[in-house]
Amino acid sequence: MPKKSKLKGKIAHKDIFQLLTETTKKEKQKRREELLAPLDVKEFFVEGKITINKRTCKGIECKLCIKACPTSALFWKTGEVGLTEELCIYCGACVLSCIVDDCIRIERKRSNGEIESFGKPKDFMVLQHWINVRKRFQRIKDVFPKPEDYLRRYKKWEESRE
Ligand code: SF4
Ligand code: SF4
């Protein structure tokens, strides 16, 4: 009997923990929506993570990432780059402008589950290139008929000639 109640306690503890995590997530999301609403920026990623390596950052010498950030998620605070993570939309503009490879690293997740991660301008540009190629390919696919549609049309045309 005591074993059962111990197990019950464990499950309840797990549920409470899960509940707390979910509530924190929801609260974070709400705060994020409130902060981003006046900025009128579009979010393309469902989740993300950004890190700044303070040891390799050239800080005061450049601050280029701060200038490039469209949401002011990055700011200057007492001798180093600060970050308001709720304002970050994981766009990559800061990585693209950073003079130190892997100083800023971004990992982001798209709604289809795809995960992208990069820390160098070159990696970001390669990634962007393939995103554009994929978009172009999709546009072409949308405009031109599929082989089976083409065959159907051809068959109809053949029939009309008989
Ligand atoms: S990823 Fe975009 S929004 Fe986030 S800190 Fe960098 S520039 Fe700002
Ligand atoms: S652009 Fe890179 S090196 Fe320059 S301040 Fe930002 S993180 Fe540091």
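It should be emphasised that the depicted structure is a prediction, and the values quoted were computed from it without experimental measurement. Both ligands and their constituent atoms are indexed starting at 1 by order of listing.
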Please identify which atoms of ligand 1 are closer than 4.0 Å to at least one heavy atom of Gly92.
-> 1 (S), 2 (Fe)
Enumerated ligand 1 atoms positioned under 4.0 Å from heavy atoms of Ile89 = 3 (S), 4 (Fe)
Is there a side-chain contact between Cys69 and Cys94 (heavy atoms, below 4.5 Å)?
-> no
Determine, using the 4.5 Å side-chain heavy-atom cutoff (strictly less than), whether Met125 and Trp130 are members of one ILVMFWY cluster.
-> no
Side-chain heavy atoms of Ile99 within contact of Leu64, under 4.5 Å | yes
Is Ile66 reachable from Phe124 through a run of hydrophobic residues whose side-chain heavy atoms are each under 4.5 Å from the next?
-> yes
Find out whether Ile60 and Trp76 are in side-chain contact, i.e. whether some heavy atom of one side chain is under 4.5 Å from a heavy atom of the other.
-> yes
Under 4.0 Å from any heavy atom of Tyr90, which atoms of ligand 1 are there?
-> 1 (S), 4 (Fe)
Between Thr71 and ligand 1, which residue portion shows a heavy-atom distance shorter than 4.0 Å: side chain, backbone, both, or neither?
-> side chain
Tell me, do Val95 and Cys65 make a side-chain contact under 4.5 Å, heavy atoms counted?
-> no
Relative to the heavy atoms of Ile106, which atoms of ligand 1 are at a distance of less than 4.0 Å?
-> 1 (S)
Honestly, for Ile50 the part within reach of ligand 1 (heavy atoms, under 4.0 Å) is side chain
Under 4.0 Å to a heavy atom of Cys98 - the qualifying atoms of ligand 2, by number = 1 (S), 2 (Fe), 3 (S), 7 (S)
With a 4.0 Å heavy-atom cut-off (strictly under), which part of Cys103 contacts ligand 2: side chain, backbone, both or neither?
-> side chain
So if you build clusters from Ile, Leu, Val, Met, Phe, Trp, Tyr with side-chain heavy-atom gaps below 4.5 Å, do Leu96 and Ile52 land together?
-> yes
Heavy-atom distances under 4.0 Å are what count here, so tell me which part of Ile104 touches ligand 1: side chain, backbone, both or neither.
-> neither
When every non-hydrogen atom of Ala68 is compared with those of Ser97, the smallest separation belongs to CB-OG, 3.6 Å
For atom 8 (Fe) of ligand 2, grab the closest protein heavy atom and report residue, atom and distance to one decimal in Å.
-> Cys57 SG, 2.3 Å
Confirm or rule out an N/O/S atom of Cys62, from backbone or side chain, lying less than 2.8 Å from atom 4 (Fe) of ligand 2.
-> yes
Is ligand 2 under 4.0 Å from a heavy atom in the side chain of Thr56, in the backbone, in both, or in neither?
-> neither
Just which atoms of ligand 2 are under 4.0 Å from any heavy atom in Val81?
-> 5 (S)
For ligand 1, which atoms have a heavy atom of Leu74 less than 4.0 angstrom away?
-> 5 (S)
Can you see which heavy atom on Pro70 is nearest to which on Ile89, and at what distance?
-> CG-CD1, 4.5 Å
Looking at Cys69, Cys94, Ala68, Pro70, the heavy atom closest to atom 6 (Fe) of ligand 1 belongs to Cys94
Considering the heavy atoms of Cys65, write down every atom of ligand 2 situated less than 4.0 Å from one of them.
-> 1 (S), 5 (S), 6 (Fe), 7 (S)
Flag Cys88 as yes if one of its N/O/S atoms falls below 2.8 Å of atom 8 (Fe) of ligand 1, otherwise no.
-> no
Going only through I, L, V, M, F, W and Y residues with side-chain contacts under 4.5 Å, is there a path from Tyr90 to Phe44?
-> yes
Can you pull out the closest protein heavy atom to atom 2 (Fe) of ligand 1? Residue, atom name and distance to 0.1 Å, please.
-> Cys91 SG, 2.3 Å
Roughly how far, to the nearest 0.5 Å, is CG of Leu127 from CG of Asn132?
-> 9.5 Å
Lys/Arg N to Asp/Glu carboxylate O, Glu116 vs Arg108, below 4.0 Å = yes
Considering the heavy atoms of Lys63, write down every atom of ligand 2 situated less than 4.0 Å from one of them.
-> 4 (Fe), 5 (S)
Protein heavy-atom partner closest to atom 3 (S) of ligand 2 - residue, atom, separation in Å | Lys58 N, 3.2 Å
